[in-house]
A.B. asks: 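Supplied in structure tokens, the structure appears directly below.
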There are 2 protein chains.
Amino acid sequence: MQPGGDILARRLAALAPLSEAERRMLAVDPSQRVRRTPARADIVREGDAPGDLRLLLSGWAARYKMLDDGRRQIVGLLLPGDLFDLHMTVLHELDHSIAALTDLRLVEIPHERLDQVLRGSGAIARALRRYTLMGAAIQREWLLSLGQRTAFERLGHLLCEIHIRLSMVGLTNGNACDMPMTQTEMADATGITPVHVNRTLQEMRARGLIVLKGRILEIPDLDQLKQVSLFSDAYLQSLGARRPPGQVVALGAA
Amino acid sequence: MQPGGDILARRLAALAPLSEAERRMLAVDPSQRVRRTPARADIVREGDAPGDLRLLLSGWAARYKMLDDGRRQIVGLLLPGDLFDLHMTVLHELDHSIAALTDLRLVEIPHERLDQVLRGSGAIARALRRYTLMGAAIQREWLLSLGQRTAFERLGHLLCEIHIRLSMVGLTNGNACDMPMTQTEMADATGITPVHVNRTLQEMRARGLIVLKGRILEIPDLDQLKQVSLFSDAYLQSLGARRPPGQVVALGAA
DNA sequence: CGCGACCTTGACGCCTGTCAACACACGTGG
DNA sequence: CCACGTGTGTTGACAGGCGTCAAGGTCGCG
């Protein structure tokens, strides 16, 4: 299997329990052509006609919108294992663009193949519905961030979300994970200024909340960062696979 | 037919052309019980289990999220004809609440009835898919507002959007439309302070951009308000019913 | 008539934006 | 091997948009 060929199975298994057979249905077909895109290129441009469903095998991308005077807002982050433009075929043209933040590897999934998989497994269909809802929940949480959280909280919240989303597909290494975004990109995602992002990151470093160096993020104490960022993981966890009934979890554990 | 019984047909007809028969399929069954909710009540609370699909016959509501310390962000507006919790059944609990901004009249639509209508008409199914995408597009536009627009632009943008969304279901009266939100609610929707909302509205009034009095909004020159608010209707219009091919629109019109 | 919800206004201050250098890493070409 | 350019990160000084606090004002309703 190609590197990351099981990333979609890992992604969806976090949302609904999948059998071994279902996971195999989600593996990337080795014969499938993998498209590569260099960092900083647009892979979708506002006004384009929507195309096929796509799966991000590796690399990070960002949905963004711009104002005429150049102000830019990143409205969503696409991490490895993310699908995009799932339901877009009924649109005439897109209202936003998507830019590669790093070099990307992605595959296109024809809609016939998607329909075939959905018909073949109710669990996968359910997982995909949950996946769509998780995207909407994340968007609402971002609205809450942009509207109500301070610059410090927004940035902390973003870092928590990234770490958790990466851990859902097995891309964290203990407390550490990749963080390839530049400070300018973080600024566009959080609606603050690059200069202020820098100042705020300095403060987080000074307080020992993060270690961010060489495109690697380390969060020594995730709970503490969550707390100071007013991060509540309900919006990501309420979508997870339901725990099997009767299983007792850490009841009175030390 | 009850008052507003054809509101859903009007809503969806703006997204895809519907036949007379299809419009009748969308009419509210007169035998259906209409639920009423008083202003300021929560109709959905964070943590609730998702219920049936609901249709807002009349009145306004708002999705919102709160932080522990009381800060509140309105993350979406529900206007007459809006459906909500369309795909929520796969969730265990909701990540946000919905509050009535005015007295409401709404009906619940059992999922069997929805499936039946969807199977009965491809056009309605397509309109509903577009409707879902329009909701996502509005959310992205709000993210752009909260992240990049100034307080003045955010407020102007909100008023433009409301006027246009109401006009799509025939609820405007020339330049005028209802505007039952309090300034505090506008503040929660735009991420600014009630005090500053007031100051900004004063400025818009002074510049002749709006007349807002007694829960009625009048926009003397919508194009001008759009311009100063950096409002681009692409995000709402790209979803509209495609124009019949061959029809020439205002080509060289005076 | 009094109370509550909402709107309005003023004074003051801070969080964050703006502007402007400078440092640093990296790749490229001479 | 070094000069150079470009993208990124860092820092300081300053300012302004917006938040905060506080005090009325208006309206409708019990």
Side-chain angles (χ1 to χ4, degrees), chain A residues 38-41 60 62 67 69-73 99-103 145-156 158-159 178-206 210-217 228-230, chain B residues 38-41 60 67 69-73 99-103 145-158 179-206 210-217 228-230:
Chain A
R40 260 165 263 105
W60 293 25
L67 294 175
D69 63 5
R71 282 176 269 173
R72 180 172 102 137
Q73 179 64 37
L101 299 179
T102 69
D103 292 347
S145 266
L146 290 179
Q148 302 299 330
R149 282 189 250 256
T150 65
F152 187 96
E153 291 159 355
R154 283 183 224 178
L155 218 33
L158 176 68
L159 298 179
D178 284 349
M179 180 54 192
M181 294 173 77
T182 67
Q183 292 184 357
T184 300
E185 287 159 352
M186 294 185 226
D188 287 343
T190 52
I192 54 191
T193 289
V195 173
H196 201 60
V197 166
N198 185 284
R199 287 194 278 244
T200 307
L201 288 176
Q202 301 295 354
E203 187 189 343
M204 296 178 79
R205 282 192 263 248
I210 61 168
V211 181
L212 178 55
K213 196 168 44 178
R215 317 276 107 149
I216 299 288
L217 166 68
V228 298
S229 308
L230 306 185
Chain B
R40 260 164 264 106
W60 292 27
L67 294 175
D69 62 5
R71 283 177 270 173
R72 178 172 104 136
Q73 178 65 36
L101 299 179
T102 68
D103 292 347
S145 265
L146 291 179
Q148 302 299 330
R149 282 188 250 254
T150 66
F152 187 97
E153 291 159 354
R154 283 183 225 179
L155 218 33
H157 193 277
L158 176 68
M179 180 54 194
M181 295 175 77
T182 68
Q183 292 184 358
T184 300
E185 287 159 352
M186 293 185 227
D188 287 344
T190 52
I192 55 192
T193 289
V195 173
H196 201 61
V197 166
N198 185 283
R199 287 194 277 245
T200 306
L201 287 176
Q202 300 294 355
E203 187 190 343
M204 296 176 78
R205 283 193 263 248
I210 61 167
V211 180
L212 178 53
K213 197 169 42 179
R215 314 279 109 149
I216 299 290
L217 167 68
V228 298
S229 308
L230 305 185

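By convention in this document, chain letters (A, B, ...) are assigned in the order of the sequence lines, proteins followed by strands, and residues within each chain are numbered from 1.
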A.B. asks: Please determine whether any donor N or O and acceptor N or O are separated by less than 3.5 Å between the side chain of A:R199 and the base of C:dG17.
C.D. replies: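 Yes.
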A.B. asks: Nearest whole angstrom, please: distance from the P of D:dG9 to the CG of A:L217.
C.D. replies: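 Rounding to the nearest Å, CG of A:L217 and P of D:dG9 are 14 Å apart.
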A.B. asks: Considering heavy-atom distances to DNA chain C, does A:P194 or B:T182 have its closest nucleotide positioned more toward the 5' end?
C.D. replies: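 Its nearest nucleotide lies further toward 5', so the answer is B:T182.
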A.B. asks: Using whole Å, report how far CD1 of A:I210 lies from P of D:dG9.
C.D. replies: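 It is 12 Å, rounded to the nearest whole Å.
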A.B. asks: Could you tell me whether the phosphate oxygens of C:dC7, OP1 or OP2, come under 4.0 Å of any side-chain nitrogen or oxygen in B:R215?
C.D. replies: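 For C:dC7, OP1 or OP2 has a side-chain N or O of B:R215 closer than 4.0 Å.
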A.B. asks: Measuring from the side chain of B:V195 (C-beta onward, heavy atoms only), which nucleotide among D:dT20, D:dT8, C:dC6 has the closest atom?
C.D. replies: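 Out of D:dT20, D:dT8, C:dC6, the nucleotide with an atom closest to B:V195's side chain is D:dT20.
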A.B. asks: Give a yes or no answer on whether the side chain of A:D103 reaches the backbone of A:A39 with a donor-acceptor pair at less than 3.5 Å.
C.D. replies: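 Yes, the answer is positive, given that a donor and an acceptor are paired below the 3.5 Å cut-off.
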A.B. asks: Give a yes or no on whether the backbone of A:E153 and the side-chain of A:T150 come within a donor-acceptor separation of less than 3.5 Å.
C.D. replies: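 It does hold such a pair.
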A.B. asks: From the list D:dG19, C:dG17, D:dT10, which nucleotide is the closest neighbour of the side chain of A:T193?
C.D. replies: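 Given the options D:dG19, C:dG17, D:dT10, the side chain of A:T193 is closest to C:dG17.
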A.B. asks: Below 4.0 angstrom from OP1 or OP2 of C:dC6, is there any side-chain N or O of B:R40?
C.D. replies: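 It does, given that an N or O in the side chain of B:R40 lies less than 4.0 Å from OP1 or OP2 of C:dC6.
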A.B. asks: Output the rounded distance in Å from CD (A:Q202) to P (D:dT8).
C.D. replies: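 From A:Q202 CD to D:dT8 P: 17 Å.
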A.B. asks: Could you point out which residue of B:N198, B:I192, B:V197 forms a side-chain contact (heavy atoms from CB on, under 4.5 Å) with B:M186?
C.D. replies: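 Looking at B:N198, B:I192, B:V197, the match for B:M186 under the side-chain contact (heavy atoms from CB on, under 4.5 Å) is B:V197.
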A.B. asks: Students often get this wrong, so: under 4.0 angstrom with heavy atoms, is B:G191 touching a base, only sugar-phosphate, or nothing?
C.D. replies: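 If one applies the 4.0 Å heavy-atom cut-off, B:G191 turns out to touch the sugar-phosphate alone, with no base involved.
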A.B. asks: CZ of A:R71 versus P of D:dG17: gap in Å, rounded?
C.D. replies: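 Rounded to the whole Å, the gap is 13 Å.
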A.B. asks: Give a yes or no on whether the backbone of A:R154 and the side-chain of A:S145 come within a donor-acceptor separation of less than 3.5 Å.
C.D. replies: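 The answer is no, because no donor-acceptor pair under 3.5 Å joins these two groups.
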A.B. asks: Taking all atoms of both residues into account, what is the closest heavy-atom pair of B:R71 and A:Q148, and its distance?
C.D. replies: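 Smallest interatomic distance, heavy atoms only, reads NH1-O, 2.7 Å.
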A.B. asks: May I ask you to verify if any side-chain N or O of B:N198 is less than 4.0 angstrom from the OP1 or OP2 atom of C:dC7?
C.D. replies: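 No, because none of the side-chain N or O atoms of B:N198 sits under 4.0 Å from OP1 or OP2 of C:dC7.
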A.B. asks: Please report, rounded to the nearest Å, how far the P atom of D:dG9 is from the CE atom of A:M186.
C.D. replies: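 Value for this atom pair: 7 Å.
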A.B. asks: Does the side chain of A:Q183 get closer than 4.0 angstrom to OP1 or OP2 of D:dG7 through an N or O atom?
C.D. replies: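 Looking at the OP1 and OP2 atoms of D:dG7, neither is under 4.0 Å from any side-chain N or O of A:Q183.
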A.B. asks: For C:dC7, take OP1 and OP2 only and decide whether either is under 4.0 Å from a side-chain N or O of B:R205.
C.D. replies: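 Negative; the distance criterion is not met.
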A.B. asks: Please report the distance, rounded to the nearest Å, between CD in A:E203 and C1' in C:dT16.
C.D. replies: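 Distance check: A:E203 CD to C:dT16 C1' gives 13 Å.
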A.B. asks: Please report the distance, rounded to the nearest Å, between CG in B:L201 and P in D:dC18.
C.D. replies: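 The answer, rounded to whole Å, is 13 Å.
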A.B. asks: Whole angstrom is fine here: how far is it from CG in A:L155 over to P in C:dT16?
C.D. replies: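 Interatomic distance, CG of A:L155 to P of C:dT16: 11 Å.
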A.B. asks: Looking only at the side chain of B:H196 (C-beta and beyond, no hydrogens), which of the listed nucleotides D:dG19, D:dG9, C:dT16 gets closest?
C.D. replies: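 The answer is D:dG19, which lies nearest to the side chain.
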